[in-house]
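Note that this is a predicted model, so its numbers are computed, not measured. Just so it is clear, the values below take in all heavy atoms, side chains as well, and ignore hydrogens, waters and symmetry mates. In each ligand, atom 1 is the first atom listed, and ligand 1 is the first ligand listed.
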Amino acid sequence: MADIASLGDLRGKRVLVRSDLNVPLDGLTITDDGRIKASLPTIQALRQAGARVVVMAHLGRPKGAPDPAFSLKPVASRLGELLGIDVAFARDTVGDSARTVVAGLDDGQVALLENVRFNAGETSKDDQERGKFADQLAQLGDAFVSDGFGVVHRKQASVYDIATRLPSAMGQLVATEIGVLKQLTEDPERPYVVVLGGSKVSDKLAVIDNLIEKADRLLIGGGMVFTFLAAQGYSVGTSLLEADQVQTCRDYLARAQDKGVELLLPTDITVAPEFNADAPASVVAASQIPADQMGLDIGPDSALAFAEAIRSAKTVFWNGPMGVFEFPSFAAGTKQVAQALTEVSGLSVVGGGDSAAAVRQLGFADEQFGHISTGGGASLEYLEGKRLPGIDVLS
Ligand code: ADP
Ligand code: MG
């Protein structure tokens, strides 16, 4: 697919870049600037090509109107620090401030527009309303580069509609992410192990559906374990249980067996009497969870078995923490799985917002993994086999 070189000579051209700068904020302080850093290679490449770079991004979920709590102003400052230049900030998306700021750019300079979701057209389901906003955005640029991987599964004005109005190309972050996802789905080196966890099985049904066809081994941990254990007829105490998904899990167990896919469930569970960081932890057999206890992590035997299965793989995709890693007493399973991923001689991929946060919080460096995806929803939708509108529109 077309990269920025396909846009021709960019010297003096205004290039609109959609980035994913949706960082966590505590007041005005950015608590994790990972997404800003991930957006730098494309912005730098455009600067070097002599473009006048106009970055579009969103922050949080404002209700289609300006809301100071969701201003990108702090992000403009951080982006400037990381680039080592002043980044001009437009106080609106397509108004006077945006036009003035863009008109004032020199070759190689960078501006950031205010949160595109301050305009109701950005996320509107109405094609015309979205199109109108996209028309206004398009007036601020001569070309468009799609680099916000976290939003490419969204049919939104600054992601999708704008690409139908300007010469468009794919940024480096999106190209890297799509390349990795292709490796996971088209011809993964085997054995291919998929590790799934997180809170709810209902969030991951479509992923399980699709990957059960492709993986050699599927390891299940996290809160979704208990619905699988219930499907095997065990009682799960007060653990997270989705009673309406028990039959679905039973079907998955049967399908895995049919396909010769090994579906590995934990054999022991770390439990506690309540959902609390200081709750006293103990380890029980997965088949023997006491009625008054809840499972908050996979147990030590299971963590060892999972780590072993992961280390022997040539391709690993992991989504969803193995336990409530936010509580140190229940982080061991997640930590061992993360550790094992760092020892894979092949491709290891971490996907999912909480999973990425978990590996960083547990002290791992991004470089220890083959790839940490920046877009949870987009990578899951791709792995579910869905089309991504923001990608399709570029080809
Ligand atoms: P991701 O964002 O990586 O896709 P999810 O959003 O699906 O992951 O799930 C992350 C959450 O799952 C974490 O906040 C973690 O505390 C929770 N979780 C993991 N194991 C359990 C469990 N046994 N009981 C309750 N919550 C759990
Ligand atoms: Mg999550």
Side-chain angles (χ1 to χ4, degrees), residues 20 22 24 32 34-35 60-61 149-150 153 181 184 194-208 210-211 219-230 234 236-242 245 249 265-277 279 281-284 286 289-290 293-300 302-303 306 316-338 341 348-362 364 366 369 371-384:
D20 177 7
N22 190 22
D32 176 3
R35 283 180 165 159
R61 294 177 183 270
F149 181 69
H153 58 315
L181 289 167
L184 289 178
V194 171
V195 192
L196 293 176
S199 48
K200 288 155 117 201
V201 71
S202 54
D203 290 344
K204 313 276 163 88
L205 291 176
V207 186
I208 301 176
N210 208 30
L211 291 182
L219 317 187
I220 308 270
M224 69 167 76
V225 155
F226 305 101
T227 309
F228 277 93
L229 291 175
Y234 299 130
V236 297
T238 56
S239 310
L240 199 67
L241 172 69
E242 289 179 275
Q245 303 296 345
C249 290
L265 289 170
T267 51
D268 59 347
I269 301 288
T270 301
V271 298
E274 56 188 10
F275 191 87
N276 192 317
S282 50
V283 177
V284 300
I289 299 176
Q293 301 273 319
M294 65 173 69
L296 295 179
D297 193 10
I298 59 172
S302 312
F306 281 21
V316 184
F317 173 69
W318 172 31
N319 168 264
M322 294 293 100
V324 184
F325 73 90
E326 295 92 338
F327 301 158
S329 320
F330 306 102
T334 304
K335 191 162 187 180
Q336 288 207 47
V337 160
L341 255 89
S348 61
V349 181
V350 183
D354 290 293
S355 308
V359 299
R360 292 180 182 129
Q361 188 185 311
L362 293 172
F364 294 93
D366 289 19
F369 302 91
H371 182 69
I372 300 184
S373 180
T374 52
S379 33
L380 288 183
E381 288 201 14
Y382 188 99
L383 293 172
E384 288 168 11

Q: Please name the atom of D354, restricted to N, O or S, that is closest to the Mg ion (ligand 2).
A: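 Distance check against the Mg ion (ligand 2) picks out OD2 in D354.
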Considering only non-hydrogen protein atoms, determine which one is nearest to [atom] and report residue, atom name and distance to 0.1 Å.
atom	value
atom 21 (C) of ligand 1	G223 N, 3.4 Å
atom 3 (O) of ligand 1	S355 OG, 2.5 Å
atom 26 (N) of ligand 1	V324 CG2, 3.7 Å
atom 13 (C) of ligand 1	E326 OE2, 3.3 Å
atom 12 (O) of ligand 1	S199 N, 3.2 Å
atom 6 (O) of ligand 1	D354 OD2, 2.9 Å
atom 19 (C) of ligand 1	G323 O, 3.2 Å

Q: Return yes or no for this condition: an N or O of D203 is under 3.5 Å from an N or O of ligand 1.
A: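 In fact, backbone or side chain, D203 has no N or O that close.
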**Q.** Polar proximity ligand 1 side, L240 side, N/O cut 3.5 Å exclusive
**A.**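 The answer is no, given that L240 and ligand 1 share no N or O pair closer than 3.5 Å.
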Q: May I ask you to identify, for K200, whether its side chain, its backbone, both or neither come under 4.0 Å of ligand 1 on a heavy-atom basis?
A: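 No part of K200 is near ligand 1 at this cut-off.
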Q. What part of V225 sits under 4.0 Å from ligand 1 if we count only heavy atoms: the side chain, the backbone, both or neither?
A.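 Within the 4.0 Å criterion, V225 makes no contact with ligand 1.
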Are the side chain of [X] and the backbone of [Y] linked by a donor-acceptor contact shorter than 3.5 Å?
X	Y	answer
R35	D20	no
D268	T270	no
S239	G295	yes

Quick one: which ligand 1 atoms are inside 4.0 Å of a heavy atom on [X]?
X	result
G222	20 (N), 23 (N)
K204	4 (O), 5 (P), 7 (O), 8 (O)
L296	23 (N)

Q: Look at atom 23 (N) of ligand 1 and find which of G221, G198, G295 reaches it with the closest heavy atom.
A: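 Shortest heavy-atom distance from atom 23 (N) of ligand 1: G295.
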Q.
Taking only non-hydrogen atoms of F330, do any sit less than 4.0 angstrom from ligand 1?
A.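 Flag not set, F330 not near ligand 1.
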(Q) Are more than 12 heavy atoms, taken from residues, nucleotides or ligands other than K335, located less than 6.0 Å from that residue's NZ atom? (A)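 Not buried by this count: 12 neighbours or fewer within 6.0 Å.
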Q: Indicate whether any N or O donor in one side chain lies under 3.5 Å from an N or O acceptor in the other, for T227 and E242.
A: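 Side-chain D/A pair, T227 to E242: absent.
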